[in-house]
Amino acid sequence: MDDIKLLKRSAILAIVTILILLASITATTYAWFTFTSSALVEPMQGSVSGGGVILLISNSIDGEFTEYCDLVLSNNTKNLYPMTTSDLLDFYVPSGQDSNGFPTGYTKKTKPDTYALHGKVYLLALGTPCYVYFDKSKLYFGENEQALAAMRLGLSIKTEAGRENFIFKLDDMGDTSKAESHWTIEKHGSVYGGEYVNDPAIQIDPFCAEINGETVIPARRRLATLTKNDIAEVDYWLYIEGCDPNCINSVQRKDIGIKLSFAGSWE
């Protein structure tokens with residue numbers, strides 16, 4: 001009975017951390033990354049909130065849904081390189097650079113393969129409808145200001161209502177005011193998606209609920225709306241945006257990590 005009561009109070013979920021150790025050798029403007037994955041795997045207990053919402057998580061649609069789950073990468077990624085995308089559908093990597101470090105061309109990658117950390121998780125609104133937000137207090141992508149300034153978190157969320165894609169800047173996750181920058185493309189404020197387009201990345205703060213004890217205070221914007229017993233499929237990518245002015249040599253040899261945390265409420 002106590003377990004059932006605890007389950008019914010669960011609304012904030014945290015995914016296990018995989019800390020990534022980055023190392024590199026390069027003398028070009030674009031950074032080049034290699035890392036050892038799963039250097040540290042540490043489970044995080046989900047918090048609880050009120051409102052009667054039951055939001056659960058699993059790394060498999062057929063798996064057990066509970067308060068937290070392991071983060072499982074979709075491939076055996078051995079290297080992490082800068083890449084660029086405008087829609088999380090097509091990914092591009094520079095195929096060459098001129099003497100100024102500007103890309104001379106791009107190669108299309110339908111799947112990011114070694115260019116990003118990618119995986120899936122599933123969110124279940126058990127017995128009740130649910131609005132889904134981030135719980136910023138448990139989000140984590142490392143503490144290095146240069147890496148936070150250059151990285152992006154991509155989310156593609158599929159629900160009964162359809163699919164919606166988000167690309168988030170991570171500047172809100174730390175103080176990036178002292179991060180070094182240098183433009184490595186001629187069209188500033190753009191990313192490449194077959195051609196240069198305006199950078200679609202948005203700040204993460206408007207999607208972060210405030211957690212006050214067992215109460216979830218809704219954020220200004222929602223990640224998703226789940227109907228009763230709806231399961232949302234969440235693809236995630238953590239990557240270095242190659243067109244970002246902070247994606248320069250000084251971002252190399254930095255430690256990053258990944259923890260995702262979601263909050264649920266019906267308000």
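Numbers here are sequence positions counted from 1.
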Trainee: Test your reading of the model: is there a side-chain donor-acceptor pair from D87 to the backbone of D90, 3.5 Å cut-off?
Mentor: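 Checking the backbone N and O of D90 against the side chain of D87, a donor-acceptor pair under 3.5 Å is found.
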
Trainee: Which atoms form the tightest heavy-atom contact between F168 and Q203, and what is the distance?
Mentor: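 The pair with the smallest heavy-atom distance is CD2-O, 3.9 Å.
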
Trainee: Taking the side chain as every heavy atom from C-beta outward, state whether W266 and T128 have any atom pair closer than 4.5 Å.
Mentor: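 The answer is no; the side chains never approach within 4.5 Å.
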
Trainee: Please determine whether side-chain contact (heavy atoms from CB on, under 4.5 Å) holds for the pair L226 and Y131, giving the CA-CA distance in whole Å, both sets of side-chain angles, and the decisive distance to 0.1 Å.
Mentor: CA-CA 6 Å; L226 304 185; Y131 295 139; over 6 Å; no

Trainee: Taking Q146 for the side chain and N246 for the main chain, is one N or O donor matched with an acceptor at less than 3.5 Å?
Mentor: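 Side chain of Q146 to backbone of N246, a donor-acceptor pair under 3.5 Å: yes, one is there.
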
Trainee: Can you confirm whether W237 sits close enough to L153 that some side-chain heavy atom of one is under 4.5 Å from a side-chain heavy atom of the other?
Mentor: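 Not touching, per the 4.5 Å side-chain cut-off.
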
Trainee: Look at the rings of Y196 and Y106 and say which category their plane angle falls in: under 30° parallel, 30 to 60° tilted, over 60° perpendicular.
Mentor: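 Taking Y106 first and then Y196, their aromatic rings stand perpendicular (interplane angle over 60°).
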
Trainee: Looking only at atom types and distance, does a side-chain atom of Y92 sit under 3.5 Å from a main-chain N or O of P94, one as donor and one as acceptor?
Mentor: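 No, the answer is negative, given that no donor and acceptor are paired below the 3.5 Å cut-off.
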
Trainee: With sequence neighbours excluded, what pairs up with D205 under the side chain to side chain donor-acceptor pair (under 3.5 Å) test?
Mentor: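 Per chain and number, D205 pairs via side chain to side chain donor-acceptor pair (under 3.5 Å) with K136.
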
Trainee: Which heavy atom of C243 sits nearest to which heavy atom of S190, and what is that distance?
Mentor: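 For C243 and S190, the tightest heavy-atom pair comes out as CB-O, 3.3 Å.
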
Trainee: Which atom pair, heavy atoms only, marks the closest approach of C69 to S58?
Mentor: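 Heavy-atom minimum between the residues: SG-C, 3.8 Å.
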
Trainee: Under a 4.5 Å cut-off applied to non-hydrogen side-chain atoms, are Y122 and F65 in contact?
Mentor: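 When only atoms from C-beta onward are counted, F65 and Y122 do touch, with a gap below 4.5 Å.
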
Trainee: Does any N or O in the side chain of S261 come within less than 3.5 Å of the main-chain N or O of L139, such that one atom is a donor and the other an acceptor?
Mentor: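 Looks like no, no N/O pair under 3.5 Å.
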
Trainee: Should R163 and E233 count as an ion pair when the cut-off is N to O under 4.0 Å?
Mentor: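 Salt bridge present between R163 and E233.
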
Trainee: Should the pair D199-K187 be classified as a salt bridge under the 4.0 Å nitrogen-to-oxygen rule?
Mentor: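 No, no charged N to carboxylate O under 4.0 Å.
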
Trainee: In sequence, state the C-alpha distance, the side-chain angles, and the governing distance for F262 and L223, and then conclude on side-chain contact (heavy atoms from CB on, under 4.5 Å).
Mentor: CA-CA 9 Å; F262 302 94; L223 292 169; 4.0 Å; yes

Trainee: Is it true that F207 and Y133 have ring centroids separated by less than 6.0 Å?
Mentor: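 Distance test on ring centres: not under 6.0 Å, no.
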
Trainee: Starting at CG of L88, measure out to CZ of F166 and round the result to the nearest 0.5 Å.
Mentor: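 One finds 10.5 Å between CG of L88 and CZ of F166.
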
Trainee: Could you tell me whether R152 and D244 have a side-chain N and a carboxylate O separated by less than 4.0 Å?
Mentor: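 Salt bridge: yes.
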
Trainee: Once rounded to the nearest 0.5 Å, what's the spacing between atom NZ of K120 and atom OH of Y236?
Mentor: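 Output value for this atom pair is 10.5 Å.
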
Trainee: Looking at A149, is its backbone amide N or carbonyl O close enough to the side chain of T176 to form a donor-acceptor pair, meaning the two atoms are under 3.5 Å apart?
Mentor: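 Not at all, since once roles are kept as given, no pair shorter than 3.5 Å links the two residues.
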
Trainee: Cut-off 3.5 Å, side chains only: do S137 and D135 have a donor facing an acceptor?
Mentor: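 Per modelled atom types, S137 and D135 side chains form a pair under 3.5 Å.
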
